[in-house]
Amino acid sequence: MTDKSFIETNGIRLATRIEGDGPLVILVHGFPETAYSWRKQVSPLVEAGYRVCVPDVRGYGNSDAPGAVSAYAMEVMPRDFLGLAQALSDEPAVIVGHDWGAPLAWNTARLFPEQFRAVAGLSVPYAPPGDVAPIDLYHKLFTDKGRFFYQVYFQDEGVAEAELEADVEDSLAKFYYAWSGDCPPNGWPTDKPHGDPVLKGLPRPDLPLPWLTQGDLDSYAADFRTSGFRGPLNRYRNQREDHAFLKAHPSNPIIQQPSLFLYGDRDPVLTMFRTPPEDLLPKTLADLRGVHRLPGVGHWTQQEAPDAVNKALIDWLATL
């Protein structure tokens, strides 16, 4: 991948990798990742005839990192990708997101349908806002019963930052392993009490993993030593505001553009959804062109199964 350049968008600068020529595809990473998480997708997409834009999302790596929690709201962040699309192409773009990048991609497509002609998500399916903000549901399901839940733990400013930044490399290694398809069952503890730190009970893996080398971990750790974790964690701290904004927004909550979803059958995220993606998504995506379930794959979809992800994306893009 080429060196990063900086693009001004929505009042900030994003460190962005751009390669290729052709229709624009924007790849949006999640937590705790950076643009580096898409390293195995860029060349195949470029070779298939696309211009690929991979930003470090605001708060990550060398991108600008505003301090305010509100700077990471869903009302704000989709405009970052709108600005990228407008800066890089005269035609509507395709947006693809993983983990937190998936809700950002889904809602960018929902909010700006004229500028985004198609949308794909990895790991986190699209769901319009329900009656209750997710964080309030998590409190009911976990905190009120004395059980640990990482998104609740992330709410108090400074607490998770201090824990994760104490040893960035160790924190990332444990987090990546616990949510991967390589980790044994219960590698992400489900029996911790509320009040425990997020890293308690997480095993440290021996590297390399099939999808993660020491060099990969070093790259991620360098980025998070630069950015810290405040910006990334602030995304979790906007759930009530996001719910209210999306609930009230006049745009169609059923996404109309061509869409695609991919997920690993060992991804812990899917336990947060009561309805399987194959049953949920036809109700929320009007032009769903595929749901791909990847066996043996955990949460880090495009890194753990790059060949399958690349084929699915390129085949889907060819239908647009």
Side-chain angles (χ1 to χ4, degrees), residues 2 5-14 16-30 35 38 41-58 63 74-98 100-122 124-128 245-246 249-262 281-282 284-292 302 309-320:
T2 58
S5 57
F6 288 92
I7 296 180
E8 294 190 6
T9 171
N10 195 25
I12 62 168
R13 295 194 317 157
L14 295 183
T16 308
R17 291 187 171 111
I18 303 164
E19 282 197 32
D21 296 299
L24 180 63
V25 178
I26 299 175
L27 304 177
V28 185
H29 69 80
W38 294 104
Q41 281 64 55
V42 174
S43 292
L45 288 170
V46 168
E47 291 168 5
Y50 297 94
R51 190 178 196 195
V52 183
C53 168
V54 195
D56 284 340
V57 172
R58 67 163 61 200
S63 289
M74 193 63 74
E75 187 173 1
V76 175
M77 291 185 67
R79 294 186 177 277
D80 294 356
F81 311 116
L82 174 65
L84 290 180
Q86 292 173 332
L88 296 173
S89 177
D90 294 328
E91 301 295 330
V94 175
I95 189 165
V96 180
H98 170 252
W100 257 128
L104 288 170
W106 297 127
N107 285 297
T108 298
R110 173 190 165 177
L111 298 173
F112 306 110
E114 299 301 319
Q115 288 82 20
F116 292 91
R117 64 191 181 101
V119 56
L122 283 64
V124 181
Y126 174 64
F245 167 70
L246 293 171
H249 198 275
S251 60
N252 191 340
I254 306 302
I255 292 174
Q256 301 297 304
Q257 298 96 312
S259 57
L260 178 75
F261 182 65
L262 299 92
L281 292 176
T284 64
L285 301 170
D287 189 3
L288 178 62
R289 300 190 181 184
V291 175
H292 295 263
Q302 73 270 30
V309 169
N310 295 344
K311 184 179 188 309
L313 286 176
I314 290 168
D315 288 350
W316 170 69
L317 288 166
T319 71
L320 304 179

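Judged as a salt bridge (Lys or Arg N to Asp or Glu O under 4.0 Å), and not counting sequence neighbours, the contacts of R289 are D287.
Summarising the local packing, CD of Q256 is surrounded by more than 12 heavy atoms from other residues, nucleotides or ligands at distances under 6.0 Å.
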(message) Run N310 and L45 through side chain to side chain contact (heavy atoms under 4.5 Å, CB included) and show every step you take.
(response) CA-CA 8 Å; N310 295 344; L45 288 170; 5.9 Å; no
(message) For a side chain to side chain contact (heavy atoms under 4.5 Å, CB included) check, start with the C-alpha distance between E91 and L24, then their side-chain angles and the critical distance, and finish with the verdict.
(response) CA-CA 8 Å; E91 301 295 330; L24 180 63; over 6 Å; no
(request) Go through the steps to decide whether M74 and L246 satisfy the test side chain to side chain contact (heavy atoms under 4.5 Å, CB included), and finish with yes or no. (result) CA-CA 8 Å; M74 193 63 74; L246 293 171; 4.1 Å; yes
(request) Please assess V94 against W316 for the test side chain to side chain contact (heavy atoms under 4.5 Å, CB included), listing each intermediate value before the final yes or no. (result) CA-CA 11 Å; V94 175; W316 170 69; 3.8 Å; yes
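The two residues P253 and P128 make their nearest non-hydrogen contact at O-CG, 3.7 Å. When every heavy atom of G83 is checked against every heavy atom of T9, the shortest pair comes out as CA-OG1, 3.2 Å. Taking every heavy atom of both residues into account, I7 and A87 meet most closely at CG2-CB, 4.2 Å. A pairwise comparison of heavy atoms in Q257 and R117 identifies CB-O, 3.5 Å as the closest pair. V96 and L313 make their closest contact through CG1-CD2, 4.2 Å (heavy atoms, listed as atom of the first residue, atom of the second, distance). Of all the heavy atoms in D80 and N10, the pair that sits closest is OD1-ND2, 2.8 Å.
Judged purely by atom type and a 3.5 angstrom limit, H292 has no side-chain atom pairing as donor or acceptor with the backbone of V309. Listed for the T16 side chain is a donor-acceptor partner under 3.5 Å among the backbone atoms of L14. The backbone N or O of S89 sits nowhere less than 3.5 Å from a side-chain atom of R51 that would complete a donor-acceptor pair.
L27 CG to R17 CZ: the interatomic distance, rounded to the nearest 0.5 Å, is 12.0 Å. With rounding to the nearest 0.5 angstrom, the CG atom of L88 is 5.0 Å from the SG atom of C53.
The shortest distance between side-chain heavy atoms of R110 and V119 does not fall below 4.5 Å. Looking only at side-chain heavy atoms (C-beta outward), I26 and T108 stay at 4.5 Å or farther from each other. Taking the side chain as every heavy atom from C-beta outward, F245 and L111 approach each other to under 4.5 Å. For the pair N107 and Y126, the minimum side-chain heavy-atom distance is below 4.5 Å. Contact annotation: the side chain of W106 approaches that of S259 to within less than 4.5 Å [non-hydrogen atoms, C-beta and beyond]. Put simply, the side chain of F81 does not reach to within 4.5 Å of the side chain of Q115, judged on heavy atoms. Within the 4.5 Å cutoff, the side chain of T319 has no heavy atoms near those of the P258 side chain. Counting heavy atoms from C-beta on, the side chains of L122 and Q302 come closer than 4.5 Å.
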